[in-house]
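What you see is a predicted model, and the numbers here were worked out from it, not measured in a lab.
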Amino acid sequence: DSPVLANKIGIAFHQLLFLDQAKKHYEEAIKLDPKYPEAINNLGTIFYAQKNYRRAIGCYKRALRYTPASASIDANLGAAYFGRKDYKKATEYYEEALKLDPDVSEHHSGFGTLMQERTVEE
């Protein structure tokens, strides 16, 4: 009954590249707490991995509604817009991420609850 635990299980599956199982657990976490930004963001990273950038962007923007200052989520938005070849918006979100945390691309979330997309194909 813990959204945090469901999210962490999702991360474990995600890191093993079992994306279907990870998605299921992220969705479970969101069902338990619809305003849980880490799980919403992490669901976005599943869509990003599937190259469904539109749905990824929707998740990232929703996550930002519940945690407005997140360099990792802004960086994820930048990556998703870059995937859609919307370089202007990608740049805006990357700049915001760097403004919030100049080292955003150098470290992981300290709590192990937030996935950050690090792959950009171009």
Using a 4.5 Å cut-off between side-chain heavy atoms of Ile, Leu, Val, Met, Phe, Trp and Tyr, which other residues end up in the same hydrophobic cluster as L100?
none

Can you confirm whether L64 sits close enough to L77 that some side-chain heavy atom of one is under 4.5 Å from a side-chain heavy atom of the other?
yes

Does any non-hydrogen side-chain atom of K23 lie less than 4.5 Å from one of E27?
yes

Using links of under 4.5 Å between side-chain heavy atoms of ILVMFWY residues, direct or through other members, which residues join L16 in one cluster?
L5, I9, F13, F18

Considering residues at least two apart in sequence or located in another chain, which fulfil the side-chain hydrogen bond (donor to acceptor under 3.5 Å, both in side chains) criterion with Q21?
none

How long is the span from the CG atom in N52 to the CZ atom in R84, to the nearest 0.5 Å?
9.0 Å

Can you list the steps and then say if H25 with E28 is a side chain to side chain contact (heavy atoms under 4.5 Å, CB included)?
CA-CA 5 Å; H25 286 282; E28 178 185 343; 3.6 Å; yes

Is there a path from I11 to L32 through hydrophobic residues (I, L, V, M, F, W, Y) whose side chains come within less than 4.5 Å of each other?
no

Please report the closest heavy-atom contact between G44 and A56, naming both atoms and the distance.
O-CB, 3.4 Å

Mind listing the closest non-hydrogen atom pair of H14 and A22 along with its distance?
N-CB, 3.6 Å

Taking atom CG of N42 and atom OH of Y48, what is their separation to the nearest 0.5 Å?
15.0 Å

Here the gap from I57 atom CD1 to R62 atom CZ, rounded to the nearest 0.5 Å, amounts to 16.0 Å

I'd like to know if the side chain of Y94 and the backbone of A79 have a donor-acceptor N/O pair within less than 3.5 Å.
yes

Taking all heavy atoms of P3 and all of A29, pick out the closest pair and write down the distance.
O-CB, 3.3 Å

Any idea which heavy atoms bring V104 and S72 closest together, and the distance?
CG2-N, 3.8 Å

Atom pair NZ/CG of K24 and L19 - distance to nearest 0.5 Å:
14.0 Å

Do the side chains of Y53 and F47 get nearer than 4.5 Å, heavy atoms only?
no

Can any side-chain N or O of N41 pair as donor or acceptor with the backbone N or O of P37 at less than 3.5 Å?
no

Let's go through Y26 and I46 carefully: what are the C-alpha distance in whole Å and the side-chain angles of both, what is the deciding distance for side chain to side chain contact (heavy atoms under 4.5 Å, CB included) to 0.1 Å, and is it a yes or a no?
CA-CA 9 Å; Y26 296 147; I46 296 291; 3.8 Å; yes

Side chain to side chain, Y81 and Y93, heavy atoms closer than 4.5 Å:
yes

Shared hydrophobic cluster, Y66 / I30 (ILVMFWY, side-chain heavy atoms < 4.5 Å)
yes

Distance-minimising heavy-atom pair for C59 and I40
O-CG2, 3.2 Å

